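This chain uses plain numbering: 1 for the first residue, then up along the sequence. Note that this is a predicted model, so its numbers are computed, not measured.
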Amino acid sequence: MSNYSDPRADTSLKLCEHCDAVFRRIRLDPGERAYCPRCGTELYRNNDRRYGALLPVVLASLIVFICCNAFPIVTMEIQGVSTRTTVWGAVRVLALEDMLSVSTLVFVTTMLMPLVELGLLAYLLVPLWLGRIPAGFGPVVRLIRLGRPWGMIEVFMLGIVASLVKLSAMATVIPGVALWAFGALTVLLAVVVSFDPADLWEHAEAIEAGYPPAAQERP
């Protein structure tokens with residue numbers, strides 16, 4: 001762990017989310033993490049490498065997200081009758097079957113919140129990559145952190161797999177394009193959520209102070 005030579009470090013403070021202790025940030029080497037000496041909670045880590053890869057991952061996630069919702073999840077054949085559905089089709093059917101609360105929950109956690117988070121991240125990362133700070137930077141970062149717990153693509157994916165295993169005993173189940181896309185999106189979102197959006201403040205401050213991230217560190 002080396003001292004942070006950037007003058008911005010003199011005013012960079014970090015609050016422990018568990019014991020509320022305040023520490024002055026220091027520059028970490030790649031792969032290093034800082035822990036609270038009072039309670040042992042991880043305070044922050046060196047995210048330079050992941051920051052550089054975040055924008056391509058976010059853009060790839062948006063493309064895969066479109067595939068998830070544009071193609072059928074699965075095709076089922078029962079006694080010669082074939083049916084297929086998309087995520088939006090499942091939401092509509094649930095609503096028509098008087099299960100509005102379940103329909104709303106599926107829509108919010110698998111469609112709305114993941115799309116909002118990816119869209120807001122792209123809104124922040126593209127201007128940062130160009131060396132500019134987008135309007136409303138602070139409120140957007142806070143909005144991403146508030147909405148993140150409501151994105152539950154991985155739970156939805158587990159539910160689909162469990163349902164298909166049970167249905168395979170009663171019907172012929174053919175996985176659709178969206179099912180594979182959901183698998184890829186689950187992996188991509190795991191990478192996205194491993195990055196704390198609050199760390200984007202450090203990169204925004206670097207631009208504001210006239211220290212734009214080096215080309216190899218850009219998202």
Side-chain angles (χ1 to χ4, degrees), residues 1 3-30 32-36 38-39 41-63 65 107-153 185 188-219:
M1 183 180 300
N3 289 331
Y4 193 27
S5 59
D6 192 314
R8 292 176 299 109
D10 294 336
T11 57
S12 297
L13 302 177
K14 181 65 180 179
L15 177 69
C16 177
E17 297 181 355
H18 285 256
C19 68
D20 292 337
V22 181
F23 302 94
R24 192 176 301 280
R25 294 181 69 122
I26 60 174
R27 178 67 176 176
L28 302 178
D29 290 330
E32 284 190 331
R33 303 180 183 186
Y35 294 91
C36 175
R38 177 189 287 179
C39 65
T41 300
E42 180 181 318
L43 296 174
Y44 59 96
R45 64 180 69 179
N46 185 309
N47 277 322
D48 287 350
R49 291 180 178 174
R50 286 193 293 172
Y51 172 76
L54 189 57
L55 180 56
V57 173
V58 169
L59 296 179
S61 299
L62 283 170
I63 295 173
F65 182 85
F107 173 72
V108 170
T109 58
T110 63
M111 298 182 72
L112 180 62
M113 296 312 297
L115 179 60
V116 169
E117 178 175 354
L118 292 173
L120 291 179
L121 279 173
Y123 171 78
L124 295 179
L125 291 170
V126 171
L128 288 178
W129 183 78
L130 296 173
R132 294 187 287 104
I133 301 176
F137 179 86
V140 172
V141 170
R142 296 187 187 94
L143 187 60
I144 293 173
R145 297 196 74 186
L146 287 174
R148 178 163 284 183
W150 291 95
M152 299 181 184
I153 287 283
L185 184 61
L188 291 171
L189 287 180
V191 176
V192 172
V193 300
S194 68
F195 188 91
D196 188 350
D199 291 337
L200 292 176
W201 279 103
E202 184 177 348
H203 302 279
E205 290 171 356
I207 294 173
E208 194 174 36
Y211 295 97
Q216 65 273 18
E217 295 179 353
R218 284 180 172 177

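- The heavy-atom pair separating Ala135 from Tyr123 by the smallest distance is O-OH, 2.6 Å.
- Residue Pro56 comes nearest to Ala53 through the heavy atom pair CD-O, 3.3 Å, listed as atom of the first residue, atom of the second, then distance.
- In this structure, Leu43 and Cys36 approach most closely via the heavy-atom pair CG-N, 3.6 Å.
- Scanning both residues, Gly119 and Leu62, for their nearest heavy atoms gives N-CD2, 4.3 Å.
- When every heavy atom of Cys19 is checked against every heavy atom of Arg38, the shortest pair comes out as O-NH1, 3.2 Å.
- Side chain of Arg33 to main chain of Glu42: no donor-acceptor pair is present (N/O by atom type, distance under 3.5 Å, no hydrogens or angles).
- Residues passing the side-chain contact (heavy atoms from CB on, under 4.5 Å) test with Arg145 are Glu17, Asp196, Pro197, Ala198, sequence neighbours excluded.
- Legend: side-chain hydrogen bond (donor to acceptor under 3.5 Å, both in side chains) pairs involving residues 130-143, not counting sequence neighbours: none detected.
- Within the model, atoms CG of Leu200 and CG of Leu54 stand 7.0 Å from one another, a figure rounded to the nearest 0.5 Å.
- Checked options Leu115, Val140, Val58; the residue passing with Leu120 is Val140 (criterion: side-chain contact (heavy atoms from CB on, under 4.5 Å)).
- Between Phe65 and Leu188 there is no side-chain heavy-atom pair separated by less than 4.5 Å.
- Taking 4.5 Å as the limit, every side-chain heavy atom of Pro127 sits out of range of all side-chain heavy atoms of Ile133.
- Take Arg148 and apply the side-chain hydrogen bond (donor to acceptor under 3.5 Å, both in side chains) test, not counting sequence neighbours, and it matches Glu117.
- Between the CG atom of Leu185 and the CG atom of Leu118 there is a distance of 7.0 Å, given to the nearest 0.5 Å.
- Nearest heavy-atom pair, Leu55 versus Leu125, reported as atom, atom and distance to 0.1 Å: CD1-CB, 3.7 Å.
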